[in-house]
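The next block holds one structure in the form of structure tokens; read it before the comments.
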Amino acid sequence: MNGAEPRRSAPGPQEWRDALPARAVELARDWRLTLGAVLPGSTQGLVHAARLADGTEAVLKLEKPGQGVEAQAAALAAWNGEGAARLLRFEASRGALLVERLAPGTPLTALCADGRDDAATEILAGLMLRLHRPVPADAVFANAHGWIRAIEACRDPRLDVALRDRALGLYRALNASAPAPVLLHGDLHHLNVLEHGDDWRAIDPFGATGEPAFDAGTLLTNPVSWLPHQRDLRAIQERRVALLAERLGEERVRIAAWGVVVGVLKMAWDLEDGTGDGRQWRAATDVLAGMTR
């Protein structure tokens with residue numbers, strides 16, 4: 001299933017980031033938007049609350065132009081508001097997306113903090129079933145399987161060699177029996193799912209192709225602000241894997257294996273980008289590794 005070299009948005013040069021506020025003002029003029037506050041959460045670009053001329057509340061998101069933001073826009077367009085925020089406008093040359101504003105916008109992390117992790121897992125499983133669909137023929141998405149190259153290439157001593165090799169071994173087995181690829185969110189975790197009326201919708205997709213269980217692997221190491229600190233971490237992970245396996249029709253060991261692979265991938269990305277040492281993913285990943293033996 002390995003295909004074209006995958007892309008994901010990475011932080012741009014400081015000069016590019018410094019120019020984003022002026023670009024937001026320029027887009028607001030061109031698209032007849034009223035800009036609101038800068039919204040938290042973006043590590044790669046700039047996110048502004050915005051209002052359209054007709055009063056519609058929206059979010060203006062600026063990222064580096066290129067395949068990464070184009071894949072994100074293509075995924076949102078394919079979902080057309082079903083399980084994800086609706087894409088209202090996109091301009092590839094300026095890396096600009098205008099997306100509907102979800103309200104009240106409470107992140108799914110709130111359920112975990114409230115002792116409702118099972119409910120959060122059920123919501124994420126339901127979203128996967130809504131988002132996963134045949135890959136649109138007219139868009140270029142990353143192949144999520146290609147991201148594994150980051151694990152293969154990582155030689156940073158802070159990444160445990162035994163865990164790295166375990167992840168690669170599990171990946172080889174997964175890839176050998178992989179089903180047909182579907183459209184994936186690619187970064188489906190609790191902070192990327194917001195409450196919208198009586199529904200929950202995803203935001204900020206990578207836009208990728210791969211087997212459905214890849215997205216399950218992402219949520220199993222999140223939320224990092226809550227999960228690693230739980231005394232009953234193993235019990236939580238066992239319940240999550242069981243719920244996901246039942247809802248998605250997958251074997252538990254396959255779900256857990258993808259959790260290990262994606263957990264180690266996130267460690268490698270942290271080290272590659274210089275954004276951390278990968279430690280925040282370790283405890284949840286170790287528990288999942290024990291479930292694959």
Side-chain angles (χ1 to χ4, degrees), residues 8-9 33 36-37 39-45 47-52 54-63 68-90 96-114 116-136 139 141 144 182-210 212 214-220 222-223 225-226 240 243-244 247-248:
R8 62 187 178 96
S9 295
L33 305 174
L39 300 177
S42 176
T43 59
Q44 295 142 12
V47 181
H48 258 288
R51 184 180 297 111
L52 279 65
D54 64 3
T56 300
E57 297 291 336
V59 173
L60 176 65
K61 185 175 182 182
L62 301 179
E63 293 198 0
V69 70
E70 289 175 24
Q72 181 177 166
L76 291 172
W79 294 321
N80 194 29
E82 174 54 38
R86 191 182 305 277
L87 180 68
L88 304 177
R89 190 164 182 174
F90 173 60
L97 305 100
L98 189 66
V99 182
E100 72 171 323
R101 182 82 180 264
L102 302 181
T106 307
L108 197 57
T109 49
L111 270 65
C112 301
D114 195 36
R116 301 170 61 199
D117 185 68
D118 288 357
T121 303
E122 289 277 6
I123 289 167
L124 286 159
L127 278 175
M128 281 185 275
L129 293 172
R130 295 166 71 185
L131 298 176
H132 295 165
R133 59 190 64 195
V135 180
F141 296 100
V182 299
L183 175 60
L184 299 172
H185 183 285
D187 195 28
L188 189 64
H189 59 75
H190 303 68
L191 281 174
N192 279 345
V193 175
L194 306 181
E195 188 176 11
H196 185 58
D198 59 358
D199 194 13
W200 293 87
R201 298 225 207 135
I203 61 169
D204 295 347
F206 282 163
T209 66
F214 179 95
D215 274 342
T218 300
L219 70 91
L220 284 170
N222 280 281
S225 62
W226 176 83
R240 285 179 164 194
L243 285 169
L244 290 167
R247 288 294 305 276
L248 302 177

Q: Identify the heavy atoms of Ala78 and Pro136 that sit nearest to each other, and give their distance.
A: CB-CG, 3.8 Å
Q) Roughly how far, to the nearest 0.5 Å, is CG of Leu220 from NE2 of His189? A) 13.0 Å
Q.
Counting C-beta onward and ignoring hydrogens, is there a side-chain heavy-atom pair between Asp215 and Leu131 closer than 4.5 Å?
A. no
Q | Heavy-atom closest pair, residues Phe141 and Ala75 | A | CE2-N, 3.6 Å
Q | Taking every non-hydrogen atom, the tightest pair across His185 and Asp204 | A | CE1-O, 3.5 Å
Q) Does CG in Asp54 sit with more than 12 non-hydrogen atoms of other residues, nucleotides or ligands closer than 6.0 Å? A) yes
Q: Enter the distance from Leu111:CG to Glu122:CD here, rounded to the nearest 0.5 Å.
A: 11.5 Å
Q: Kindly indicate whether the side chain of Arg86, heavy atoms from C-beta on, has any atom under 4.5 Å from the side chain of Val99.
A: no
(Q) If you count heavy atoms of other groups shown closer than 6.0 angstrom to CZ of Arg133, is the number above 12? (A) yes
Q. Once you round to the nearest 0.5 Å, how far does CG of Leu60 lie from CG of Leu97?
A. 8.5 Å
Q.
Does any part of the side chain of Arg247, heavy atoms only, come nearer than 4.5 Å to the side chain of Met128, both counted from C-beta?
A. no
Q: Output yes when a side-chain donor or acceptor of Asp187 lies under 3.5 Å from a complementary backbone atom of Asn192, and no otherwise.
A: no
Q) Hey, does Leu184 have a side-chain heavy atom less than 4.5 Å from the side chain of His132? A) yes
Q. Rounded to the nearest 0.5 Å, what separation is found between the CH2 atom of Trp226 and the CG atom of Asp117?
A. 4.0 Å
Q) Is there side-chain contact between Leu52 and Leu98, with heavy atoms separated by less than 4.5 Å? A) yes
Q. Does the side chain of Val59 reach to within under 4.5 Å of the side chain of Ile203, using non-hydrogen atoms?
A. no
Q.
For the CZ atom of Arg101 and the CG atom of Leu194, what is their distance to the nearest 0.5 Å?
A. 9.5 Å
(Q) According to side chain to side chain contact (heavy atoms under 4.5 Å, CB included), who are the partners of Ala110, at least two apart in sequence or on a separate chain? (A) Thr106
Q: Would you indicate whether the side-chain heavy atoms of Leu76 and Pro205 approach each other to under 4.5 Å?
A: yes
Q | Taking every non-hydrogen atom, the tightest pair across Ala120 and Leu108 | A | O-CD2, 3.7 Å
Q | Reported CG-to-CZ distance for the pair Leu33 and Arg51, which is rounded to 0.5 angstrom | A | 11.0 Å
**Q.** Nearest non-hydrogen partners of Ala202 and Leu188, listed with the distance
**A.** CB-CD1, 4.1 Å
Q: Apply side-chain contact (heavy atoms from CB on, under 4.5 Å) to Val193 and Leu124, showing your working.
A: CA-CA 8 Å; Val193 175; Leu124 286 159; 3.7 Å; yes
Q: Determine which pairs satisfy salt bridge (charged side-chain N to carboxylate O under 4.0 Å, His left out) with at least one residue from residues 69-81, sequence neighbours left out, and list them in order.
A: none
**Q.** Distance-minimising heavy-atom pair for Ala216 and Leu248
**A.** CB-CD1, 4.3 Å
